[in-house]
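Counting begins at 1 with the first residue of the sequence. All ligand and atom numbering here is 1-based and tracks the order in the structure.
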Amino acid sequence: EFEEARTTIRVERVGRAALITLDRPRALNALNLQVMNEVVAATEALDRDPECGCVVITGSAKAFAAGADIKEMRSRDYLDMYLADWFAAWDRLGQLRTPTVAAVAGYALGGCELAMLCDVLLAADTAVFGQPEITLGVIPGIGGSQGLTRAVGKAKAMEMCLTGRTMDAAEAERAGLVSRVVPADELLGEALAVAETVAGMSLPAVMMAKEAVARAFETTLAEGVRFERRLFHAVFATADQKEGMAAFVEKRPPAFRHR
Ligand code: HXC
């Protein structure tokens, strides 16, 4: 593989949203370190960009991502992996303040973990989700064992992580892994529409809503509700709260200042 000469992602602006397309077609978008570094750098740059209100991450029709890059990892030993802190940079994707939308078509194997790091997960009816690492003699390494268990519960997560069984889009939706399933040819349009909708909201309110939902996975119910209440009180310090509520009363669309 001599892919270092080219980038493995494409980044475009679509209105107030941004679109990142994984672009390693010959390896079905396998997530090597270059992909990781480029996705993380691009999303962090967009996170700092006040013109960007939402980031969509997508792959190809055949593969969102076929997992970590097996050829890149196969010869590594424990010390290589430990010293490089292999995959740790992916955690930063989950730390972004700007909302992210995964638009998943085709294989999401290990790519399932990447999709689960995003806030909204839209699936094409062609999507296939799985954690096949066990079939390679290893285990998930981008948070799959934790994210999947929280998303679909212990029974399904155990079966998937222990046997490598995949879920199709319909099962993934029933299990609560994905926000919605759409026809494959509508996937990108729907994802960009979601992103444009989010990007049109008050940015501080969006960031606080994201923080509040994310906190549900980190803390007790009582602490989570207290955290939400503090943020709820805080939004009353924003001009956008005044604008949003005034617009409702005046029966007109809101013109949020911070978006
Ligand atoms: C490196 C990969 C790859 C991967 C596919 N390719 N997946 N290369 N790492 N994860 C390469 C193939 O070697 C092949 O290259 C080319 O992409 C096309 O793949 P094919 O297998 O020929 O395509 P197809 O027959 O359509 O099968 C698609 C597939 C299969 C079912 C998705 O590729 C597959 O099972 N891939 C591996 C999925 C997997 O086990 N992922 C987990 C990775 S480990 P050539 O050069 O032959 O054309 C992992 C553990 C670490 O993730 C923890 C963090 C995630």
For Lys210 versus Arg97, what's the shortest heavy-atom pair and its separation? CD-O, 3.6 Å

Glu223 and Arg215 ion-paired at < 4.0 Å: no

Atoms in ligand 1 flagged as close to Ile142, the criterion being non-hydrogen separation under 4.0 Å: 54 (C), 55 (C)

Proximal ligand 1 atoms for Lys62, defined as those under 4.0 Å from one of its heavy atoms: 23 (O), 24 (P), 26 (O)

Looking only at heavy atoms, is any part of Glu72 under 4.0 Å from ligand 1, and if so is it the side chain, the backbone, or both, or is it neither? neither

Establish, from distance only, whether the side-chain atoms of Thr8 and Gln34 form a donor-acceptor pair under 3.5 Å. no

Quick one: does Ile139 get a heavy atom under 4.0 Å from ligand 1? yes

Are any side-chain N or O atoms of Arg92 and backbone N or O atoms of Thr43, one a donor and one an acceptor, separated by less than 3.5 Å? no

Side chain, backbone, both or neither: which part of Ala68 has a heavy atom under 4.0 Å from ligand 1? both

With heavy-atom distances below 4.0 Å as the criterion, list the atoms of ligand 1 near Pro132. 39 (C), 40 (O), 41 (N), 42 (C)

For ligand 1, is any non-hydrogen atom under 4.0 Å from Pro140's backbone (N, CA, C, O), its side chain (CB onward), both, or neither? backbone

Using heavy-atom distances only, which candidate in Ala66, Ala65, Gly137 approaches atom 7 (N) of ligand 1 most closely? Ala66

Between Lys242 (side chain) and Phe236 (backbone), is there a donor-acceptor pair under 3.5 Å? yes

Under 4.0 Å between a side-chain nitrogen and a carboxylate oxygen: does that hold for Glu38 and Arg6? no

Is there a heavy atom in Arg26 that sits closer than 4.0 Å to ligand 1? yes

Answer side chain, backbone, both or neither: which part of Leu31 comes under 4.0 Å from ligand 1, heavy atoms only. neither

Kindly work out whether a path of hydrophobic side-chain contacts (I/L/V/M/F/W/Y, heavy atoms less than 4.5 Å apart) joins Leu188 to Val198. yes

Which class fits the ring pair Tyr82 and Tyr78: parallel under 30°, tilted 30 to 60°, perpendicular over 60°? parallel

Atoms of ligand 1 less than 4.0 Å from Glu113 heavy atoms? 54 (C), 55 (C)

